[in-house]
Trainee: 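This is the structure I have questions about; it appears just below.
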Amino acid sequence: MKTIKLISIEYHNFKGIKDFKLTPDGESISVSGANATGKTTLFDGFTWLLFGKNSDEVKKFNPKPLGPDGAEQLGLDPEVSAVLEVDGQRVELRRKSAEKWSTPRGQAEKVRKADATELTIDDVPQKVKDFTAYISSIVDEDSFKMITNPFAFSNLKWTDRRQLLMDLVDDVSDDEVVKATKNPDELAKLLDQHSAKDMKQIIAGRRRKLKAEIDGLPARIDEATRAIPAVPSSSKTALDTKLDGLKKTMGEAQQSLSLASTGNMNLDAHAEKARLQGEYGDAQMSYMQGNQLELNGLSDDMNTMQRKLNTARMTVDSAKISLSQAKTALEVATAKHDELTKRYVVLNNKNFDESQLTCPTCGQELQPDKQDNIRKHFNVEKSTKLEEIKADGIQSAEDMDMANSEIASQQQALEAAQAELDQVQTRLDKISNDYNQAKASQVDFGQTTKGENLQKQIDKQQQLIETNSGDNSKAKSVAQARVDEVQADIDQVKTQLASFNQIKQQEDRVKALHAQEDELKDTYASLDKQSYLLDQYTRTRVTMLEGRINKLFKLVNFKLFEVQKNGEINEICEAMVDGVPYSTDLNNAAKINAGLDIINTLSTRYQVIAPIFVDNAESVNRLIDTDAQQIALVVSDEKQLTVAQETEKEVA
């Protein structure tokens with residue numbers, strides 16, 4: 001086991017530290033101070049000295065001091081030197097970044113060039129590659145960062161963390177894993193030709209291919225289903241019967257065609273005469289119906305207009321009644337208003353009867369207070385009655401206004417109704433006149449131009465028949481058309497009969513596709529089972545590896561796989577402390593001690609012990625024990641960095 005101890009380290013113009021010397025002398029110490037006093041800078045200086053990087057592994061960082069404006073302070077060269085003890089042998093290392101200036105020819109001012117890195121080992125200047133090679137001989141850079149920073153391991157990608165843990169233990173053999181599963185025989189057979197990893201890829205590929213085929217089958221089934229012809233409206237038996245009847249009809253049609261080709265030469269004239277006679281009868285019927293339709297239409301119009309005339313007359317009568325009622329209402333309201341006016345004038349002119357102030361029994365005047373009461377009573381009663389008459393007069397005036405308004409409205413309605421009545425009467429008179437003229441103008445169909453033309457054509461065909469001068473070309477054409485029509489019907493029935501065969505074929509095709517779908521799903525289910533067995537293998541293997549790995553740690557346990565919602569195994573690498581995940585719920589103190597526990601194990605793995613810088617150590621009540629020297633960086637109220645020995649490695 002190689003042991004590296006930090007005896008002393010000195011900083012000069014390094015970042016925010018002007019001059020500071022730390023002398024732990026190989027022991028664990030704590031460095032405390034307020035924020036921004038340079039605690040993390042101490043670790044940055046240590047890693048910069050060894051590797052030219054800060055503690056976050058950033059190579060291109062600026063070690064030079066910065067002024068209040070954030071600009072570099074020129075003339076101040078960063079320098080860090082340290083004395084390390086490596087397996088009992090001390091060595092002094094130094095790194096300095098020196099400014100380089102030159103004065104180009106023809107210029108008065110100096111120009112800054114790239115800073116030079118000056119390296120020494122025991123005061124002997126070194127080239128960069130030689131210095132790097134020497135440091136690597138002491139400790140590999142990747143190993144160094146893992147055993148000096150409690151957060152270095154957790155800052156790795158999870159895949160790198162997982163691989164690093166796997167490298168800590170011997171792998172478990174397939175036989176060991178298979179024997180530890182619930183289905184060792186099936187798994188052994190499954191892994192006979194391929195590894196578990198290869199087999200998972202093979203099964204995944206087969207499942208993807210099967211899934212694509214299964215997903216494509218519904219569309220193929222739907223296509224085959226839609227290709228099934230519609231079931232004919234008639235049954236097969238009915239179609240067979242119809243076909244026999246059409247064949248018989250075809251014989252008759254062919255016989256007619258043969259007769260038209262070889263028989264009497266006046267068939268066309270007879271057929272044309274019969275057709276023209278039929279056309280004449282149809283035209284005559286249509287003509288008579290048209291005439292009657294015209295008269296019926298005019299008759300209907302007259303009836304409609306007569307009903308409208310009756311309605312208009314009723315409207316006029318109703319308007320007259322309403323007008324009469326309105327006038328009566330006006331007369332009543334006017335009479336009432338006149339009577340109220342007279343009553344008002346009489347009452348208003350009525351004066352108090354002074355005789356009421358004398359006692360009717362003794363003839364003496366009443367006492368003054370009683371006289372006042374009598375006068376007051378008279379005035380109040382007179383005033384009340386005048387107000388009542390006035391209110392009634394106002395109401396009667398309003399009734400007169402309403403009656404006048406109603407008279408005007410009903411007068412207007414009467415005029416409108418009378419105008420409508422006159423208009424309807426005029427229209428009724430016109431329709432009646434049209435009806436009489438139409439009825440008088442109708443003549444017999446034979447006297448119309450169309451009737452005369454059709455009769456002439458009939459007579460012409462009769463003449464052809466009588467003189468035997470016609471031909472059969474049309475008869476043959478009609479007979480041939482009939483043959484073609486019947487043949488078309490026969491072809492249609494045969495097509496419908498053929499659809500029964502097509503229906504059977506397509507239905508068989510749909511059944512075959514469904515059977516294929518079931519077979520593919522069974523195969524897919526078998527692959528699912530194989531995939532489950534491989535997941536079981538993976539779970540068992542990882543559980544065994546987890547057990548071996550976790551035996552190497554005192555505080556931390558690692559979870560190397562998780563089961564997803566779909567049942568698949570997902571590889572992970574999550575550190576757990578007392579069941580609490582490092583990445584989500586673990587507090588900073590527990591994270592630091594978890595990192596120290598990991599460092600203890602990795603130091604054993606790498607066979608190297610090196611100083612551990614513990615940043616933010618104030619959050620930890622007690623740092624766990626390590627074989628390595630600890631440099632605890634603690635936030636406190638001190639304005640300057642303060643160093644103390646850590647006899648029991650407690651920080652609070």
Trainee: Considering all heavy atoms of both residues, which atom of L164 and which atom of L602 are nearest to each other, and what is their separation?
Mentor: CD2-CD2, 3.2 Å

Trainee: With a sphere of 6.0 Å drawn around CG of D522, does it hold more than 12 non-hydrogen atoms of other residues, nucleotides or ligands?
Mentor: yes

Trainee: Hey, could you give me the CG/CZ distance between L165 and R605, rounded to the nearest 0.5 Å?
Mentor: 11.0 Å

Trainee: Tell me, with the steps shown, if F20 and V643 meet side-chain contact (heavy atoms from CB on, under 4.5 Å).
Mentor: CA-CA 11 Å; F20 184 78; V643 181; 4.1 Å; yes

Trainee: Is the shortest side-chain N to carboxylate O distance from K211 to D215 below 4.0 Å?
Mentor: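 Yes, this pair counts.
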
Trainee: Sort out for me which residue in R112, K64, K15 forms a salt bridge (Lys or Arg N to Asp or Glu O under 4.0 Å) with E72.
Mentor: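 With E72 as partner, R112, K64, K15 yield a single salt bridge (Lys or Arg N to Asp or Glu O under 4.0 Å), made by R112.
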
Trainee: Any chance you could measure I203, atom CD1, to L190, atom CG, to the nearest 0.5 Å?
Mentor: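 The CD1 atom of I203 sits 5.0 Å away from the CG atom of L190.
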
Trainee: Does a sphere of radius 6.0 Å around CD in Q73 hold more than 12 heavy atoms from other residues, nucleotides or ligands, not counting ones at 6.0 Å or beyond?
Mentor: yes

Trainee: Hey, does the side chain of Q506 reach the backbone of I503 with a donor-acceptor pair shorter than 3.5 angstrom?
Mentor: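 Judged by distance alone, no pair lies under 3.5 Å.
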
Trainee: May I ask you to decide whether D222 forms a salt bridge with R226, counting only side-chain N to carboxylate O separations under 4.0 Å?
Mentor: yes

Trainee: Using the side-chain contact (heavy atoms from CB on, under 4.5 Å) rule, take F561 and T538 through it: C-alpha gap first, then chi angles, then the decisive distance, then the call.
Mentor: CA-CA 9 Å; F561 76 93; T538 302; 5.8 Å; no

Trainee: Quick one: does V577's side chain get under 4.5 Å of D597's, heavy atoms only?
Mentor: no

Trainee: Rounded to the nearest 0.5 Å, what separation is found between the CZ atom of R207 and the CD1 atom of I214?
Mentor: 10.5 Å

Trainee: Are there more than 12 heavy atoms of other residues, nucleotides or ligands under 6.0 Å from atom CD of E118?
Mentor: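 Counting other residues, nucleotides and ligands, CD of E118 exceeds 12 neighbours.
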
Trainee: Looking at Q630 and V614, would you say the former's side chain and the latter's main chain have a donor-acceptor pair under 3.5 Å?
Mentor: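 Side chain of Q630 to backbone of V614: no pair is present.
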
Trainee: Quick test of your reading of the model: are K145 and E141 salt-bridged, counting only N-O distances below 4.0 Å?
Mentor: no

Trainee: Mark yes when over 12 heavy atoms from residues, nucleotides or ligands other than E109 sit less than 6.0 Å from its CD; otherwise mark no.
Mentor: no

Trainee: Write down the atom of T47, the atom of S55, and the distance for their closest heavy-atom approach.
Mentor: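 Minimum heavy-atom separation between T47 and S55: OG1-N, 3.2 Å.
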
Trainee: Parallel, tilted or perpendicular: which describes the rings of F558 and F153, with under 30° parallel and over 60° perpendicular?
Mentor: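 Correct class here is perpendicular.
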
Trainee: Inspect the surroundings of NZ in K5 and state if more than 12 heavy atoms from other residues, nucleotides or ligands are less than 6.0 Å away.
Mentor: no

Trainee: Return yes when atom NZ of K2 has more than 12 non-hydrogen atoms of other residues, nucleotides or ligands closer than 6.0 Å, and no otherwise.
Mentor: yes

Trainee: State the CD-CG distance between E517 and L217, to the nearest 0.5 angstrom.
Mentor: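 Going from the CD atom of E517 to the CG atom of L217 covers 5.5 Å.
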
Trainee: Using 0.5 Å steps for rounding, measure from the CE atom of M146 to the CD1 atom of I599.
Mentor: 9.0 Å

Trainee: Identify the heavy atoms of P65 and P78 that sit nearest to each other, and give their distance.
Mentor: CD-CG, 4.5 Å

Trainee: For the pair F14 and W48, name the ring-plane relationship: parallel under 30°, tilted 30 to 60°, perpendicular over 60°.
Mentor: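 Geometry flag for W48 against F14: tilted rings.
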
Trainee: Would you call D123 and R94 a salt bridge, taking side-chain N to carboxylate O under 4.0 Å as the test?
Mentor: no

Trainee: Give the intermediate values and the outcome of side-chain contact (heavy atoms from CB on, under 4.5 Å) for residues M199 and Y537.
Mentor: CA-CA 11 Å; M199 202 64 211; Y537 169 90; over 6 Å; no

Trainee: Answer yes when E571 and K200 have at least one side-chain N-carboxylate O distance shorter than 4.0 Å, and no when they do not.
Mentor: no

Trainee: Can you measure from CG (L187) to CG (D175) and round to the nearest 0.5 angstrom?
Mentor: 11.5 Å

Trainee: To check you understand the geometry: which heavy-atom pair defines the closest contact between D625 and N600, and what is its length?
Mentor: O-ND2, 3.0 Å

Trainee: Just wondering, are more than 12 heavy atoms of other shown residues or ligands nearer than 6.0 Å to CG in D19?
Mentor: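 Counting neighbours around CG of D19, more than 12 heavy atoms of other residues, nucleotides or ligands fall under 6.0 Å, so yes.
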
Trainee: Any idea which heavy atoms bring A180 and M544 closest together, and the distance?
Mentor: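 Taking every non-hydrogen atom into account, CB-SD, 4.3 Å.
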
Trainee: Can you see which heavy atom on V556 is nearest to which on N550, and at what distance?
Mentor: O-OD1, 4.2 Å

